[in-house]
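First the structure, in the form of structure tokens, and then the observations on it.
Throughout, numbering of the chain's residues begins at 1 and tracks the sequence. Counting starts at 1 for both ligands and their atoms, in listed order.
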Amino acid sequence: MRLLFTANEVRGLYKLGGLGDVARDLPESLLLQNHDIRLAAPLHPEIKLSRADCLVSSFNITYDNQSLPVKVWLKYIDGSRLPIYLFEEDLYLSQYTDASDNHADKYAVLSLCIAAWVAQHSTFWQPHLIHLNDWHTALIPLILKHLFNYSPPSLLTIHNLAYQGSTTTPVFQKLGISPETCPTLNLKTPPNFDNFMLQGIVHADFLTTVSPTYAKEIQTTEFGEGLEEYLKSRHQSLQGIINGLSSVDYIPQSDPHLVQSFSIDTVEAGKNANKSALQKSLGLPVKNIPLIGYIGRVDGHQKGIDLIIGALKSGNLPPPNTQFVFLGTGDPQLEAKLHASAKDSIIITRFDEPLAHQIYAGADCLLIPSSFEPCGLIQLIAMRYGTLPIAKKTGGLADTIKHNQTGVLFEDHTLEAFMSALMQGLALLSNPQRRLELQKNMMSQDFSWEPSAILYSNIYQNMYTGLN
Ligand code: ADP
């Protein structure tokens, strides 16, 4: 089938978090299922075009009564045969963004550009189905229907319901769509906001999210972020499909960022060598003691940073005779709090891909105290590197970690439960035989994309043939 996969980020060009990984690895896996899949993404100012990239379309869109020129570039990432269409527009799409959902104009314009291209300008290639990802491109079905009178089948994947594009910017007025012609525009979220994700949930033909547990959770008040009633009403068209991991990146046997590559057979020596190198590069004493890590976004809502700060402040982290390294960036105030709370820990607040790989390889365990986690890739990568996840039993963490076999899970969002799980993990790792057994268990888990790509493929086929 011809599939258009729309996403705000894609690893290798521009990445803020897990969506960038999924938007690269799922399409790569679908290519192997013989789909003609192509990506559509914004030409963010951080992405540089090269001579090899070719201009495939140019046209104008109208937004806020202005005519805006749009160019569409075809780019391939080195070593990949996945076609990526990058949408260039100077006024809105060239704006810098962050991981928040505060950029309503940019993503209304992105959705309009993609919709206009699909409906009128991609004469050389027409998708059978459009796969939307998160709020950034969730308006595409609505725009296609109301501005272009065109409704190809559409699937919306919710990667994180906490980010909805809830806004006071009058985007629908700027798009030229009124509630008279599109009554769902009267649906608002409190206090009286327009909401990109909500419009996607209402207009897409099918919905998926990134783990079976999160698919159930988002239909409850606790996790539904105010959209639970809309999601409940669509439960027959909602499926949870777990994310996989790249089969070319995050491979400890061939990871170029490590001082020593390793496999399941050489895990002990490999992790020891990587731990020593990491301790040295971080300025920590080079010692054979447990090294605890954290990798992830610094946000006040999801990642359990409150628990980490609490543990640092109370002197519980790092526990005696262990070391702790934190790598994460995001909310500047929380970053400052982390720095202020840490006494004997290493806190690094920047995005650093090589260092992340070195922590996955060199740490003994990784803390993932998220209050909710749609899927989570951190725990999958950690397990691939034989690093024990100590994680909250929620969403994809609950679906992918086997308690006491491939990680330690805790249920309550309290410092006591978190610390008790960490101490349990350290106790398991302190027995060399048990430790090796756990490492081998973790490294033999299959987190390849193939089974999930097959599930997506079945949904596409059913939608296309009208079964869903
Ligand atoms: P989310 O998408 O909610 O941020 P995920 O667990 O799905 O969380 O994915 C996070 C991805 O981003 C992983 O690939 C992780 O290694 C990477 N990552 C997060 N923070 C950093 C950082 N500061 N430096 C390097 N990589 C990071």
Can you check ring pair (Phe, Tyr, Trp, His ring centres under 6.0 Å) on F372 and H301, steps first, answer last? CA-CA 9 Å; F372 68 95; H301 190 51; 5.6 Å; yes
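For Y250, every heavy-atom contact with ligand 1 shorter than 4.0 Å involves the side chain, none the backbone. Contact annotation: for H159 versus ligand 1, there are no heavy atoms closer than 4.0 Å. The proximity of D352 to ligand 1, defined as any non-hydrogen pair under 4.0 Å, is limited to the backbone. Of all the heavy atoms of N160, none lies under 4.0 Å from any atom of ligand 1, so neither backbone nor side chain is involved.
Applying the salt bridge (Lys or Arg N to Asp or Glu O under 4.0 Å) test to residues at least two apart or on different chains, the pairs with a partner in residues 435-453 are D364-R435, R434-E437.
You'll find the side chain of D412 stays beyond 4.5 Å of the side chain of F418, heavy atoms only.
Protein heavy atom in closest approach to atom 16 (O) of ligand 1: Y360 OH, 2.7 Å. Among all non-hydrogen protein atoms, the one lying nearest atom 21 (C) of ligand 1 is F351 CE1, 3.6 Å. The nearest heavy-atom contact from the protein to atom 4 (O) of ligand 1 is R297 NE, 2.8 Å.
Salt-bridge formation is detected for the pair R11/D249: a Lys NZ or Arg NE/NH1/NH2 atom is positioned less than 4.0 Å from an Asp or Glu carboxylate oxygen. Classification of E411 and K392 as a salt-bridged pair fails, no side-chain N sitting under 4.0 Å from a carboxylate O.
Comparing G20, G376, G296 against atom 19 (C) of ligand 1, the shortest heavy-atom distance belongs to G296.
Of the polar atoms of A356, none of the N or O atoms is found under 3.5 Å from an N or O of ligand 1, judged by distance alone. The shortest N/O to N/O separation between G18 and ligand 1 falls below 3.5 Å.
At a 4.0 Å cut-off, not a single heavy atom of R11 sits close enough to ligand 1 to count as contact. In this structure, K15 has a heavy atom closer than 4.0 Å to ligand 1.
Applying the side chain to side chain donor-acceptor pair (under 3.5 Å) test to N272 and every residue at least two apart in sequence or in another chain returns nothing.
Between Y85 and W117, the ring planes are tilted. Angles from 30° to 60° get that label.
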